> 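Let me begin by handing over the structure; questions about it come next.
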Amino acid sequence: NAGVTQTPKFRILKIGQSMTLQCTQDMNHNYMYWYRQDPGMGLKLIYYSVGAGITDKGEVPNGYNVSRSTTEDFPLRLELAAPSQTSVYFCASSYGTNSYEQYFGPGTRLTVT
Amino acid sequence: QQQVKQSPQSLIVQKGGISIINCAYENTAFDYFPWYQQFPGKGPALLIAIRPDVSEKKEGRFTISFNKSAKQFSLHIMDSQPGDSATYFCAAGSGNTGKLIFGQGTTLQVKP
């Protein structure tokens with residue numbers, strides 16, 4: 001199993017550009033999550049999904065969108081990138097239903113200039 | 001009320017010493033308290049976790065102590081090793097969504 005994979009690993013965006021961060025898991029997990037990590041701030045939940053077709057906002061959803069058309073994939077869309085979105089983005093997944101253990105991907109480092 | 005506060009922000013310990021990281025929470029609905037370990041350039045990975053029905057859980061050199069009345073929990077790393085140098089996050093979760101609220105993180109350096 002590859003676990004949780006994320007692409008790209010690094011990306012530089014100009015202000016106002018858009019992009020999609022890809023996340024795929026091969027563990028047949030129902031639950032998936034997107035976090036951003038900023039220095040000294042821990043991990044903040046952006047969006048999460050408890051199954052295909054079901055998504056909901058986390059703590060910091062503004063400026064982002066998600067979709068979940070399959071169990072495996074959970075892409076994160078950034079529209080009109082802003083410098084405040086410079087961060088490291090992590091995707092995670094879990095079995096759900098009494099299983100809180102989340103498995104994280106390797107992250108995408110995004111810089112918006 | 002959804003916050004999890006973690007301290008210290010950074011910690012330096014000599015090899016063989018004990019590392020202690022503390023977390024506090026407000027929401028009494030939390031029912032799962034994990035600790036994640038993150039090495040530079042990697043995603044966090046679950047280290048150890050506890051439910052509020054026990055006061056302590058030990059796995060090898062890692063122990064979680066949980067104080068429900070004080071709404072605090074801590075990670076103790078016994079016989080700390082240079083390989084333990086990493087960032088540690090506490091977290092708290094509740095409900096059926098699996099959502100976790102993370103603390104701010106502690107960067108641990110173990111000196112040889």
Side-chain angles (χ1 to χ4, degrees), chain A residues 2-7 9-10 21 23-25 27 29-51 54-61 66 68 74 87-109, chain B residues 1-11 21-25 27 29-53 57 59 64 73 75 86-108:
Chain A
V4 179
T5 58
Q6 293 182 239
T7 57
K9 285 186 169 53
F10 305 93
L21 281 66
C23 175
T24 300
Q25 53 90 10
M27 297 175 282
H29 285 171
N30 289 319
Y31 292 13
M32 295 187 76
Y33 312 86
W34 273 107
Y35 294 91
R36 58 177 290 170
Q37 182 178 19
D38 301 299
M41 299 295 289
L43 294 135
K44 298 293 186 185
L45 182 65
I46 304 171
Y47 270 96
Y48 67 100
S49 169
V50 298
I54 306 169
T55 62
D56 205 350
K57 296 177 181 178
E59 301 169 83
V60 290
V66 293
R68 183 99 182 269
F74 191 39
S87 188
V88 181
Y89 291 85
F90 288 100
C91 178
S93 70
S94 73
Y95 285 108
T97 314
N98 287 330
S99 176
Y100 283 109
E101 179 174 0
Q102 294 186 14
Y103 296 78
F104 282 78
T108 293
R109 183 174 294 275
Chain B
Q1 202 178 22
Q2 283 291 95
Q3 281 188 322
V4 176
K5 295 183 179 180
Q6 183 173 344
S7 63
Q9 188 173 350
S10 63
L11 183 61
I21 306 170
N22 300 298
C23 283
Y25 64 97
N27 188 350
F30 288 140
D31 62 358
Y32 176 75
F33 301 89
W35 285 89
Y36 280 78
Q37 180 187 54
Q38 183 183 31
F39 293 105
K42 305 292 185 183
L46 180 66
L47 183 63
I48 186 172
I50 197 168
R51 298 270 184 180
D53 52 347
K57 183 174 181 180
E59 290 184 1
I64 299 179
F73 58 110
L75 176 69
T87 300
Y88 293 82
F89 294 97
C90 64
S94 66
N96 59 1
T97 62
K99 289 194 299 181
L100 294 174
I101 304 295
F102 283 84
Q104 297 88 340
T106 297
T107 301
L108 170 66

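A quick note: this is a predicted structure, and the numbers were derived from the prediction, not measured. Just so it is clear: chains get the letters A, B, ... in the order the sequence lines come, proteins before strands, and each one is counted from 1.
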> Assess the residue pair B:Trp35 and B:Ile50 against the criterion (side-chain contact (heavy atoms from CB on, under 4.5 Å)); give the C-alpha distance rounded to whole Å, side-chain angles, the decisive distance to 0.1 Å, and a yes or no.
CA-CA 9 Å; B:Trp35 285 89; B:Ile50 197 168; over 6 Å; no
> Can you tell me how far the CZ atom of A:Arg109 sits from the OH atom of A:Tyr89, to the nearest 0.5 Å?
12.0 Å
> Below 4.5 Å from any heavy atom of chain B, which atoms of A:Leu45 appear? Answer side chain, backbone, both or neither.
side chain
> Go through the atoms of A:Gln102 and report whether side chain, backbone, both or neither lie under 4.5 Å from a heavy atom of chain B.
both
> Which one wins on heavy-atom pair count under 4.5 Å against chain A: B:Ala45, B:Ala91, B:Gly43?
B:Gly43
> Using a cut-off of under 4.5 Å on heavy-atom pairs, state which of A:Val50, A:Val88, A:Leu43, A:Asp56 scores highest against chain B.
A:Leu43
> Got more than 12 heavy atoms from elsewhere within 6.0 Å of CD, B:Glu59?
yes
> Would you say A:Asp38 and A:Ser87 are linked by a side-chain donor-acceptor pair, where the criterion is simply a distance under 3.5 Å?
yes
> Contact part of B:Pro44 toward chain A, heavy-atom cut-off under 4.5 Å: side chain, backbone, both or neither?
both
> Once the angle between the rings of B:Phe102 and B:Phe89 is folded into 0 to 90°, is it parallel (under 30°), tilted (30 to 60°) or perpendicular (over 60°)?
perpendicular
> Considering only heavy atoms, which portion of B:Lys99 lies under 4.5 Å from any heavy atom of chain A: side chain, backbone, both, or neither?
both
> Given that the side chain runs from C-beta out, which part of A:Tyr103 has a heavy atom under 4.5 Å from chain B: side chain, backbone, both or neither?
neither
> Find out whether B:Gln6 and B:Cys23 are in side-chain contact, i.e. whether some heavy atom of one side chain is under 4.5 Å from a heavy atom of the other.
yes
